[in-house]
Amino acid sequence: MFTRYKKGYRPRRTWHLWLILILSLGIIFFSGFKIYQGTKEYSQGDEVYQKIEAAADHNGDIDFAALKAINPDIKGWLANESLNINYPIVQGEDNSYYLTHLFDKTVNKMGTIYLDYRNKGDFSDKNTIIYGHNMKNGAIFAMLPNYAEEGFYKEHPTIDLSTPEQDYTVALFSGYIVESQKFEAITSFSSDVEFINYTNETIKSSLFHSEVIVKPSDRLVTFYTCTYDYDNARFILTGVLKEK
């Protein structure tokens, strides 16, 4: 026998199907919007940094006066062509602002490479910490987690760093993964012994082997970025700051 319904009546399950359909379409449209939004931000960020790079180039040197006119928070310039790194370094009043702002202070999730606000800003501390995003489009510090591989380190053992006063090379000696909550942003040490003990611990944790020898008189630069090995994982890359 067939069930007969009164005119104008629809089985409840039909409404369930419509509800599922509407929700599914909503999820699809929302996901599409987020993808569009993310792609738009990537394009916007890339365009801004291409303009900044052009403004900074003065016959092969970094024009810090031009950069300062755009953003007085400028502290340096980081470069390694094979790592897709060619960006300004800034320093804000905290460690959150430049997570979501470009060099020209446009709101954008690409952010800007920046110094820890507790550092002096002139790389004179025993350990200067530099933060940057691991972007899915390969920008900012996306290449740094590749230092988990010995071969990658052998091919890219240094990163160039310039300030208004001096050009440097960062000779890398340690790279490891740590939970974000377990990373201590240490910028100074009470003694040479404490400093050397710290560097020895980072070397023990390193995923690659380096011939760089750290001396008590050295200054360090530590790069900090996300990695996706597990939740809240961070990749920490450390090197010795050497004048060119």
Side-chain angles (χ1 to χ4, degrees), residues 75-76 78 80 83 85 89-92 94-96 98-99 113-134 140-141 143-163 165-244:
K75 297 299 179 183
L78 201 64
N80 185 310
L83 296 178
I85 293 175
I89 308 169
V90 296
Q91 186 176 39
D94 53 43
N95 283 343
S96 60
Y98 282 110
L99 282 172
I113 293 173
Y114 64 94
L115 301 182
D116 193 293
Y117 76 97
R118 290 160 291 195
N119 279 120
K120 292 175 184 175
D122 59 358
F123 296 88
S124 62
D125 285 321
K126 293 296 286 183
N127 188 22
T128 298
I129 302 167
I130 303 179
Y131 302 91
H133 286 305
N134 176 355
I140 311 295
F141 281 171
M143 298 288 282
L144 295 193
N146 290 326
Y147 279 98
E149 299 294 331
E150 183 82 21
F152 191 85
Y153 166 72
K154 297 298 183 184
E155 294 178 1
H156 314 281
T158 63
I159 298 176
D160 291 331
L161 192 158
S162 297
T163 71
E165 296 78 26
Q166 181 69 46
D167 292 332
Y168 299 95
T169 294
V170 182
L172 304 170
F173 66 84
S174 172
Y176 62 94
I177 300 169
V178 67
E179 288 184 30
S180 59
Q181 299 90 338
K182 294 182 179 180
F183 175 75
E184 285 189 80
I186 301 173
T187 60
S188 61
F189 303 87
S190 61
S191 66
D192 289 345
V193 172
E194 185 179 50
F195 175 73
I196 293 300
N197 286 341
Y198 173 84
T199 59
N200 286 341
E201 286 301 315
T202 66
I203 291 170
K204 287 179 183 178
S205 300
S206 183
L207 298 170
F208 62 79
H209 174 72
S210 169
E211 298 295 335
V212 175
I213 297 174
V214 184
K215 303 184 297 295
S217 58
D218 285 333
R219 287 174 287 163
L220 307 180
V221 174
T222 296
F223 303 99
Y224 178 104
T225 193
C226 293
T227 185
Y228 304 110
D229 295 76
Y230 52 82
D231 289 344
N232 296 316
R234 300 293 182 268
F235 194 83
I236 312 300
L237 185 66
T238 305
V240 175
L241 191 66
K242 296 180 178 289
E243 293 185 6
K244 287 189 174 181

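- Interatomic distance, CG of Leu144 versus NE2 of His156, reported as 11.0 Å (0.5 Å rounding).
- A ring-ring contact (aromatic ring centres under 6.0 Å, His included) with Phe183 holds for exactly one of Tyr131, Phe223, Tyr224; it is Tyr224.
- Interatomic distance, OG of Ser174 versus CD1 of Ile203, reported as 6.5 Å (0.5 Å rounding).
- Distance OG/Ser124 to CG/Asn119: 8.5 Å, rounded to 0.5 Å.
- Smallest separation of non-hydrogen atoms from Val178 and Tyr230: C-OH, 3.4 Å.
- Atom CZ of Arg118 is separated from atom CG of Asp94 by 10.5 Å, given to the nearest 0.5 angstrom.
- Annotation: side chain of Phe141 is in contact with side chain of Ile85 (closest heavy-atom distance under 4.5 Å).
- Counting all heavy atoms, side chain and backbone alike, Phe152 lies closest to Asn146 at CB-O, 3.2 Å.
- Heavy atoms only, all atoms of each residue included: Gly175 and Leu237 are closest at CA-CD1, 4.1 Å.
- Contact between Ala171 and Thr158 at its shortest, heavy atoms only, is CA-CG2, 4.2 Å.
- Here the side chain of Tyr114 pairs a donor or acceptor atom with the backbone of Asn95 at under 3.5 angstrom.
- Counting heavy atoms from C-beta outward, Leu207 and Tyr147 have side chains that stay 4.5 Å or more apart.
- At a threshold of 4.5 Å between non-hydrogen side-chain atoms, the residues Lys204 and Tyr176 do not count as touching.
- Between Asp160 and Lys244, the closest side-chain pair of non-hydrogen atoms falls below 4.5 Å.
- When all heavy atoms of Cys226 and Pro145 are compared, the pair lying nearest together is O-CG, 3.7 Å.
- With sequence neighbours left out, Glu150 forms a salt bridge (charged side-chain N to carboxylate O under 4.0 Å, His left out) with Lys154.
- Side-chain contact check for Thr163 versus Lys75: every heavy-atom pair is 4.5 Å or farther apart.
- Checking side-chain atoms of Thr227 against main-chain N and O of Ala233 turns up no donor-acceptor pair under 3.5 Å.
- One distance of note links CG of Asn80 with OG1 of Thr169; it measures 10.0 Å at 0.5 Å rounding.
- Checking side-chain atoms of Gln91 against main-chain N and O of Asp116 turns up a donor-acceptor pair under 3.5 Å.
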### Task
List the steps, then state whether side-chain contact (heavy atoms from CB on, under 4.5 Å) holds for Thr225 with Ile140.
CA-CA 9 Å; Thr225 193; Ile140 311 295; over 6 Å; no

Just list the side-chain donor-acceptor pairs under 3.5 Å for residues 209-222, sequence neighbours left out, or say none.
{"unit_1": "His209", "atom_1": "NE2", "unit_2": "Glu211", "atom_2": "OE2", "d": "3.1"}
{"unit_1": "Ser210", "atom_1": "OG", "unit_2": "Tyr153", "atom_2": "OH", "d": "2.8"}
{"unit_1": "Ser210", "atom_1": "OG", "unit_2": "Leu172", "atom_2": "O", "d": "3.3"}
{"unit_1": "Ser210", "atom_1": "OG", "unit_2": "Val212", "atom_2": "N", "d": "3.0"}
{"unit_1": "Asp218", "atom_1": "OD2", "unit_2": "Lys215", "atom_2": "N", "d": "2.7"}
{"unit_1": "Arg219", "atom_1": "NH1", "unit_2": "Phe123", "atom_2": "O", "d": "2.7"}
{"unit_1": "Thr222", "atom_1": "OG1", "unit_2": "Asn127", "atom_2": "OD1", "d": "2.9"}
{"unit_1": "Thr222", "atom_1": "OG1", "unit_2": "Thr238", "atom_2": "OG1", "d": "3.4"}

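- Using a 4.5 Å heavy-atom threshold, the side chains of Lys120 and Thr128 count as separate.
- Judged purely by atom type and a 3.5 angstrom limit, Ser206 has no side-chain atom pairing as donor or acceptor with the backbone of Thr202.
- Note that Lys126 lies outside the cation-pi zone of Phe189, set by a 6.0 Å cut-off to the ring centre and a 45° limit from the axis.
- For residues 182-191, the side-chain hydrogen bond (donor to acceptor under 3.5 Å, both in side chains) pairs, not counting sequence neighbours, are Ser190-Glu194.
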